[in-house]
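To find a chain, count down the sequence lines: A is the first, B the second, and so on, and within it residues start at 1.
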Protein chains: 2
Amino acid sequence: MTSPEKKPTQRRKRPGGRLQIRDVARLAGVSAITVSRYINNPGKVAKDTGEKIASAIKESGYIPNMVAKGLSSNRTNVVAAIIPTITNSIFADLVSGLSDGLEDNGHRLLIAESGYSLEREMELIQTMIAQRPAGLVVTGQVHTEHGAELLRSIDIPVLETFETGAEPIDMCAGFSNFDASFQMVKGLIEAGYRKIGFVSAPIASNDRATRRREGYFAAMKEAGLNVVPGWVRDAKFAFREGARALGELVEQHPELEAIFFASDVLSIGGVMECQRRKIRFPEDVGICGFDDFELTAMTNPPLTTVRIPRYEIGHKAAAMLMARLNGDETVERSVDLGFEIVWRGSTRLPPQ
Amino acid sequence: MTSPEKKPTQRRKRPGGRLQIRDVARLAGVSAITVSRYINNPGKVAKDTGEKIASAIKESGYIPNMVAKGLSSNRTNVVAAIIPTITNSIFADLVSGLSDGLEDNGHRLLIAESGYSLEREMELIQTMIAQRPAGLVVTGQVHTEHGAELLRSIDIPVLETFETGAEPIDMCAGFSNFDASFQMVKGLIEAGYRKIGFVSAPIASNDRATRRREGYFAAMKEAGLNVVPGWVRDAKFAFREGARALGELVEQHPELEAIFFASDVLSIGGVMECQRRKIRFPEDVGICGFDDFELTAMTNPPLTTVRIPRYEIGHKAAAMLMARLNGDETVERSVDLGFEIVWRGSTRLPPQ
DNA sequence: TCATTAAATGATACCGGTAACATTAGCGCC
DNA sequence: GGCGCTAATGTTACCGGTATCATTTAATGA
């Protein structure tokens, strides 16, 4: 029944698989390596050879196998990004900038969400390393000890985003959350506000929120203003949490003259709550936010907020990674893309 | 100077590289393949061998190379998703659901944005195939001819999301945009509205928007209501575009009794514009949206809208892909996750 | 007792590309 | 003419895992 002859190592294990570079080479009448050269650097092959290969590729519909390429060349065209959540639009904008910058350089984007957990971030760093990305983007400058160790030990460019206050592990792109918050509060004080409430995301596992809170305290302290503990609140990233925080603050601390929401998810929620409660701003209480969501320009009156370069951070991050991958070791290690306080009608304005 | 002896094929080309499975094997005193077995299926190795390997992995901090694994096993643990844009929160929610579902199964997510261009989508399908993903997720059921051909020809599960009207190329998960829009308009008509405006995203390259518009026309026609061409508008996905559309409609068509924005990005913009113009809803004009953004519940009065299972689509998509990858060929090909019309105060309510 | 079978483990080739080196041809120049 | 040099192309081994088949060991049973 079974024929005794034993095939001596058949050549192709996967007859259903895709076309290989060898098939294209055969079609073009050259060797596989020449096709490889043409694909990666057309200038390296003679013009007529290149044309033969090009038409062989076109006719056959060959699509290269980047997995094989990655293994053989020891470099992939994938960049990994770990963000807290894609549903917060500041990170969606970051990812968009990153994606645009990477696509322009033939790279793909692998993303994962840590859910604002540093433990989870650390696990994701490991699983991302397993994919052998060409570069790694993380959020913030604080990580678990083991996470930071992993980031230090890998031999690919690592980019921390959204905060530039500390010395980067490798590179960072963002702005100073402390300064931005400090300047906002300082401006409010100059505008005549004295009793200023502060609402931010929970500061656990979130150095950006932590720096913003520190900026608030520092500005208050510098002006010699006392901060009542109840003025400072946590609220998770959700519009309704901002609404809840505003409700609690105005009920429990009617003395407040202004409320600074250190995220526009929260400030928009706060504005909605004001409208529901018929609280007028800036007349009854000044309201300001952080992030410059598109919506902040459309409330009535529009919201004072901090414009941060969300898309630009991603785009710059991509550029920095690409430069490093191209061997440019002169890339700046810490890039501060700045911020801008946008004064609009939801608060009184500082003089001048 | 240079020693004449020629090393006969040195074993390791990349001494700076990461630990390999062979290193772990040596540490544990077993062969590489046994370590591989332990990693992929611990039950396949003896208990004490497994323990030795486990501690060797732990001590050495070995992180597997998924690129090599992908090449050798001809299957990667990466799923590719192509969405129009990550900055529209409906797709951010989709991606979030997808990401959660994939992570639970040890898979990673590769994303790319097509910018609502089918041409770009087609290019991205090609570059994604080059990465040899385990599965591919796209948006909508309409693609370029070549794009559809590619999707049909690949031998991995393909999942079309957010629309279930047509026969899927392989699988689809979503809901009927036509029905959802039809039911919303039908409800408005039952609530007594006759002159109803319609604002949606541009329908070019966007079958979801196209179906929603068709649903509007069908419901109007069924009720014997005439549609004035000027009542139907395009607006790109941006809050200010929704605001602009509302402004134009109320100025040019003051006869309109209700305006249906077929996206909550647009409806929220419309609401903001109403507040600025002191237009009351539902008193002056009924306003309703589509998507059920969190914010729609917080406007004053809250917005009538269509709740769609954004996160669930992504999560279900992941589950369907994983089932197929596990060899389950009984997976449903077309999964309709439904929708719900949420009647709130921004429109009059249909009877009962 | 020894063949039979299952469980555990190992040896080897291979996945589809590319790095490193080899080879060939063509050219300039002394 | 021969040498050196460059441009174009080919040969071979290798990237770090796993599929496949082989081998060893232990357990089972007539």
Side-chain angles (χ1 to χ4, degrees), chain A residues 2 6-26 28-53 57 60 62-77 129-132, chain B residues 2 6-26 28-53 57 60 62-77 129-132:
Chain A
T2 58
K6 184 182 159 190
K7 289 246 181 73
T9 308
Q10 45 232 66
R11 192 73 192 134
R12 287 280 164 67
K13 249 200 303 195
R14 299 159 188 168
R18 295 212 148 255
L19 237 55
Q20 300 185 11
I21 204 167
R22 286 162 174 83
D23 302 316
V24 176
R26 196 178 311 117
V30 297
S31 71
I33 189 70
T34 302
V35 177
S36 169
R37 282 197 189 100
Y38 173 76
I39 290 173
N40 293 297
N41 191 347
K44 285 273 179 187
V45 306
K47 204 175 169 204
D48 58 337
T49 310
E51 284 163 6
K52 277 189 293 181
I53 295 173
I57 290 177
S60 64
Y62 170 67
I63 298 181
N65 183 333
M66 304 311 275
V67 179
K69 177 172 179 157
L71 178 61
S72 126
S73 65
N74 201 25
R75 62 175 2 210
T76 63
N77 66 340
I129 291 175
Q131 306 293 332
R132 299 297 190 270
Chain B
T2 57
K6 185 181 161 191
K7 290 247 181 72
T9 309
Q10 47 232 67
R11 192 75 192 131
R12 288 279 164 69
K13 247 199 305 196
R14 298 160 189 168
R18 297 213 144 254
L19 237 54
Q20 301 186 10
I21 204 168
R22 287 163 173 83
D23 302 316
V24 176
R26 195 177 312 117
V30 296
S31 71
I33 188 70
T34 302
V35 177
S36 170
R37 282 196 190 100
Y38 172 77
I39 291 173
N40 293 297
N41 191 347
K44 286 274 179 187
V45 305
K47 203 174 170 206
D48 57 337
T49 308
E51 283 164 6
K52 276 189 294 182
I53 295 174
I57 290 177
S60 64
Y62 170 68
I63 298 181
N65 183 333
M66 303 311 275
V67 179
K69 176 170 181 159
L71 177 61
S72 120
S73 65
N74 201 28
R75 62 176 1 212
T76 64
N77 66 341
I129 290 175
Q131 306 293 332
R132 300 296 189 271

Ignoring hydrogens and angles, write down the donor-acceptor pairs under 3.5 Å from the side chains of residues 62-69 of chain A, residues two or more places apart or on other chains.
residue	atom	partner	partner atom	Å
A/Asn65	OD1	A/Val67	N	2.9
A/Asn65	OD1	A/Ala68	N	3.0
A/Lys69	NZ	A/Asn40	OD1	2.4

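- Spacing between atom NZ of A/Lys69 and atom P of C/dG17 amounts to 10 Å, rounded to whole angstrom units.
- A pairwise comparison of heavy atoms in B/Val24 and B/Ser60 identifies CG2-OG, 3.9 Å as the closest pair.
- Atoms CD1 (A/Ile57) and P (C/dG16) sit 17 Å apart, rounded to a whole Å.
- Between A/Asn40 and the phosphate of C/dT18, there is a side-chain N or O to OP1/OP2 separation shorter than 4.0 Å.
- For the pair A/Ile53 CD1 and C/dG17 P, the computed distance is 14 Å after rounding to whole Å.
- Within residues 42-50 of chain B, the residues that have a heavy atom under 4.0 Å from DNA chain C are, in order of number, B/Val45, B/Ala46, B/Thr49.
- Here CD1 of B/Ile57 is found 13.5 Å from NZ of B/Lys52. Values are rounded to the nearest 0.5 Å.
- Distance CG (B/Asn74) to P (D/dT18): 13 Å, rounded to an integer number of Å.
- Here D/dG17 presents its P atom at 10 Å from CE of B/Met66, a figure rounded to the nearest Å.
- For A/Thr76, the side-chain hydrogen bond (donor to acceptor under 3.5 Å, both in side chains) test picks out no residue, with sequence neighbours left out.
- Taking atom CG on B/Asn65 and atom P on D/dT18, their separation rounds to 10 Å, with Å as the unit.
- One atom, CZ of B/Arg26, and another, P of D/dG16, lie 12 Å apart when rounded to the nearest Å.
- Among residues two or more places apart in sequence or in another chain, the side-chain hydrogen bond (donor to acceptor under 3.5 Å, both in side chains) test is passed with B/Ser31 by B/Thr34.
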Dump the pairs, protein N or O against N or O of nucleotides 10-12 of chain D, anything under 3.5 Å, distances to one decimal.
residue	atom	partner	partner atom	Å
D/dG10	OP2	A/Ser31	N	2.9
D/dG10	OP2	A/Ser31	OG	2.8
D/dG10	OP2	A/Thr34	OG1	2.6
D/dG10	N7	A/Arg37	NH1	3.4
D/dG10	O6	A/Arg37	NH2	2.5

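- Here the P atom of nucleotide D/dA19 and the CZ atom of B/Arg75 are 9 Å apart, to the nearest Å.
- Taken from CG in B/Leu71 to CZ in B/Arg132, the straight-line distance is 10.0 Å, to the nearest 0.5 Å.
- In this structure, the nucleotide among D/dG16, D/dA19, C/dG16 sitting nearest to the side chain of A/Arg22 is C/dG16.
- Of the inter-residue distances, the one linking A/Gln131 atom CD with A/Ile129 atom CD1 reads 11.0 Å to the nearest 0.5 angstrom.
- For D/dT18, the OP1/OP2 oxygens have no side-chain nitrogen or oxygen of B/Tyr38 closer than 4.0 Å.
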